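This one's a predicted model, so the numbers in the text were calculated from it and none came from an experiment.
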Amino acid sequence: MSKKSRAEKKQKEMLEMLKRHGSRVYDDLNRGRFPAFEVPSRSVSNIVYDDALRQYILGNSSAQRSSKNTAQVRSFTQLMWLAFFANRLTHEKKSSTLRDVYYSSQAFAVDFKNQSESNGIIEDLEAVLTKPREEMHIFPEERSSIFGDLDIEYTVPGYEGKRMNLANHPDGYAIGPSLTSAELIDTSAELVIAIEKGGLFTRFVEEQVDKKFKSIIVDTGGQAARSTRTLLKRLHDEMSLPVIILTDGDVYGEHIAMVIKSGSANAAHLRELTVPDAKWVGVWATDIERFELPTIPMTESDIKRCQDLKRDPRYSHGIWRKELDTFLKIKRKAELEAFSKYGLTNITDRYLPQKIELARSL
Amino acid sequence: MSTERFNQISPSEFFYRNRDLAGFSNPTRSLYTAVREFVENSLDACDQKGILPNVKLVIKAEDDRQDPRTYTLAVHDNGPGIPKKHVPLAFGTVLYGSKFGLKQARGMFGLGATMAILYGQITTNKPVKVSSCTDGQTAHIFEILLDIQKNKPVILKQSQKKTKKRGLSVSISLEGDYSKAGSKIRDYIYQTSLITPYASITFEDPKDGKFVYKRILKTMPEPPTIINPHPHGVDVETIRRMIVQSRRDGMSIDTTLYRTLNIKDEDSSYNTVSAQAIKRWKRLKPEQRTAACITNALKCKSKYLQNVIIEDIDLDTNTILYYDGIKSQSKTAPLQNKEPFYNHIKSLLAGEPLLSFLTDRFQRMGPKTAQSFIKFAGFKPEQNIGLLRNADLVKLSDSLQSYEGFLAPNPSCLAPLGESPLEQGMKEFFEPDFQEVIQRGASAYSGFPFIIEMGIAYGGKIQSRGIKTYRFANRIPLLYDEGSDVVLKVVNDIDWSRYKVKHDAPMVIASHICSTRIPYKTVGKENVADRPEIEKELRLAMQFLARRLSSYMSRRGKAEEAKKRANLYAKYMPLISQFCTELAGRSTEPKYIQMLKAGGSDV
């Protein structure tokens, strides 16, 4: 299948799915029946870890959202409106954001109490369709960045067919709707480096890490947004690039890496957001001693977070467990910037090569 | 000690010294109590004669001073009025009363009202003004002061005038504090109107306020029948009073004696009457014999007898004390030691035999029961009650209490308002969304019958947040000492959430206890004590009403639910229709209108 048809196929799939649901509701109304949706339950009790998929998924329980139920008719209508709105977005290849969706609703006399309510309905629709919101052209506000030798071809209206190399601008390129939906054409890179912080991302571009290590650098901007994770997955799956992850040397960094690798419980209803082969290469708790990094003490909430994660089955083994235990033992943490103690380029000159080497052997 | 001695203590004197007990402790309370006594007297008088009451209460300040100051309190009614000859005694003595029978009335006639008059006289030194008309033609007008030490009326002025209205007007001057008592008095009038929906009550207050409560229904509740007390319900003092009454009744005079004696002329002399009476003595009835005795003692014409009321007879001094209705004053006359008159007078004082006293003056006391009771108590049926000593009275009273052979009290002496009048009253007053009333069957405590009536009203124009309880006893609103009342206890004990009623629901409860004796906790007569029998009946009534309210709340909940549902569908179904039409790629909307009409009642 050609790369160009991939986006179109996805669009067609989404439109057909939406039409199918719309027709069912239409027919119900025509026959005097109250329409309903089966919405898979996203409550904690229905989120289970799937060993084979190596991610959290939803269990079998679902709840009916019926237009007959007075307590649900409002949210049923909201869900219908969102499907209707997503249909227009997808059809016209227009992009929207979570916030934009919330405000757009007001034009249709569909009232959301606040944005978190509309966000909830968006997740409901994702669960009903088992498709991420990005496929309905709804994107998060926060933008992460990408830099490196990668040719893409836009599919968004007005730019169709236009190509771009992502090494042309030293600030990197924002991972927005047009980039997320673009076709990935070609690359010379052999590696994707996902890094937690914008500062280090800039340093890596300046130090030409893309050239030195034949890599594409992605700034996740803290916890990676879903569009970022989708792009990482596509780089891995479509361009066959290994993905390594660099985070701060603390429990939150460890979890940023885990979410890229195997998803979050929040997105347990989606299956296309994980990069199971991604590798977390640092900063590990054990690195702190090995590289004699300057540290700061862990806070109470850091320690509590460690203990919470120890109950997560994904942290029950291997490096994930070992590093958590070490954090709990030394009760100290280090930032990526800690390497500056040994010079500004110490991280790219000394630490990174070792870690890339290590990743190959993992 | 002769039994008539206790009757000679001046009750005026006693009450003058103990006026706090009767509710005249300070200008605020006194004004309120005086209003109560007069209004209740008027309502009682109308009730007893089956007259739909029109009562007008007027309070006016007599001067411009600050409170407390002198007020004029006047009450006008359309009742039966008081016969001219009784007016001075009714308003000029304390503890004058013509009945010792037992029936439910708001209060004993005269006692409270004369206390108010006494209080007015003490604080302002002004007389009570009375205008009474019994026939709808002539009003008799009196100004009377009360001689406290002698407990006798002093008539200052007396006149009469033509009128067309029957009824009684009483006006007194008294020291009061309306600025403090006003709200209670207004509450009292308001609540009295609620429990007396067949009355029309007007109140003009000293601040030019006018409160008019129109008659809501034109049917009177059945007047209570006067019945004798139940043996379990009397104490020594009551027995004493009953004996006095029995003797008084024995002293009643047949003023038509001259006819029985075939004397044609009412003006014939006492000698003629006496001679004829002696001749026919054995055939004369007791009251005819008494008439002969009095004619002889007073040396009066037969015609005069109708103006005479015998008050007392003293054998130690051989005098007869009587009330002269023409001159409106008490007089004495010597008693001649002449037979058979003297013997008859002596027998009057000895009183009737115990057996007939019991059967005539108690309920549930037939001849058989009375015989076995007398045996139980250790008396003899033929003993004269007038000769019983103090210790005998105590023994009789104790035996009446402890003897278990009597049937439960007869409730026909009670005058409940009735379910329908109570319901109509509440409906008119509160205009609620829901109301329900119940009258429980008669029950009794300690020999006193009682009936509980209760009503509940919810929502509508009721503004209060939370439960407002109106308490009534014998159609009197109880306004003070709410906290310790048994009704409040019962209302507060209910777990309203179990009946789907919210804590702050707009709700009114009216509770009415009717009894020949309300067990008040205090002499102020404002709160009812928690006798187990009464508490049980209150609780059953309350629970019944709460259940009814609960099922109303369910129905209302369902109706509201349906309405809410219809509104929701009307709002959202068009949107759903619009969205799915575009999603499905159709050009016309689905036919969902029918679903709105069904209101989601299908499954």
Side-chain angles (χ1 to χ4, degrees), chain A residues 12 14-37 64-92 101 104-112 121 124-125 128-129 136, chain B residues 433-434 458-459 496-506 549-603:
Chain A
K12 207 176 152 217
M14 174 58 70
L15 289 174
E16 274 171 4
M17 208 180 254
L18 290 170
K19 185 172 181 177
R20 210 160 52 236
H21 283 289
S23 298
R24 192 172 53 76
V25 170
Y26 185 97
D27 291 345
D28 276 346
L29 285 182
N30 232 358
R31 288 174 199 151
R33 285 198 304 244
F34 284 91
F37 279 110
Q64 201 179 47
R65 179 84 45 91
S66 170
S67 59
K68 180 174 168 58
N69 187 326
T70 52
Q72 295 174 353
V73 62
R74 180 166 167 273
S75 70
F76 181 92
T77 309
Q78 291 169 341
L79 195 57
M80 276 305 295
W81 171 76
L82 187 69
F84 158 91
F85 190 65
N87 185 52
R88 283 193 174 177
L89 288 174
T90 314
H91 200 73
E92 297 168 23
V101 165
S104 300
S105 66
Q106 295 166 0
F108 295 89
V110 175
D111 47 337
F112 287 104
I121 293 292
D124 285 344
L125 187 60
V128 169
L129 304 176
M136 308 167 210
Chain B
D433 289 339
F434 167 83
Y458 175 91
W496 288 102
S497 63
R498 272 184 53 202
Y499 296 97
K500 306 184 186 76
V501 178
K502 280 187 189 138
H503 170 69
D504 59 353
L549 177 60
S550 171
S551 65
Y552 164 75
M553 295 301 272
S554 304
R555 286 200 305 277
R556 181 177 141 124
K558 276 177 195 149
E560 275 180 0
E561 186 68 25
K563 199 177 162 195
K564 199 174 134 199
R565 188 185 297 142
N567 285 343
L568 280 173
Y569 290 156
K571 178 178 178 187
Y572 289 114
M573 294 313 270
L575 291 172
I576 296 173
S577 166
Q578 177 199 341
F579 300 148
C580 76
T581 304
E582 183 169 323
L583 269 177
R586 309 287 272 265
S587 52
T588 54
E589 292 203 10
K591 304 184 200 93
Y592 67 95
I593 299 299
Q594 203 55 40
M595 295 172 70
L596 293 186
K597 286 178 190 155
S601 54
D602 65 349
V603 177

What part of B/Lys564 gets closer than 4.5 Å to chain A, counting heavy atoms only: side chain, backbone, both or neither?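 It is neither, since no heavy atom gets under 4.5 Å.
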
Pull out the residues in residues 70-79 of chain A that come under 4.5 Å of chain B, heavy atom to heavy atom, sorted by number.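 Answer by number: A/Thr70, A/Val73, A/Arg74, A/Phe76, A/Thr77.
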
(Q) Would you compute the distance between atom CG of A/Asn30 and atom CZ of B/Arg586 and round it to the nearest 0.5 angstrom? (A)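 Reported value, rounded in 0.5 Å steps: 7.0 Å.
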
Flag the pair A/Leu29 / B/Met595 as yes when at least one side-chain heavy-atom distance between them is below 4.5 Å, and no otherwise.
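SC-SC contact between A/Leu29 and B/Met595 confirmed.
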
Got a list of side-chain donor-acceptor pairs under 3.5 Å for residues 576-584 of chain B, not counting sequence neighbours?
unit_1	atom_1	unit_2	atom_2	d
B/Ser577	OG	B/Glu589	OE1	2.5
B/Thr581	OG1	B/Ser577	O	2.5
B/Glu582	OE1	A/Arg88	NH2	2.9
B/Glu582	OE2	A/Arg88	NE	2.7

**Request:** For chain B, find which of A/Leu15, A/Asp28, A/Leu18, A/Asp27 contributes the most heavy-atom pairs closer than 4.5 angstrom.
**Result:**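 When all of A/Leu15, A/Asp28, A/Leu18, A/Asp27 are compared, A/Leu18 has the most.
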
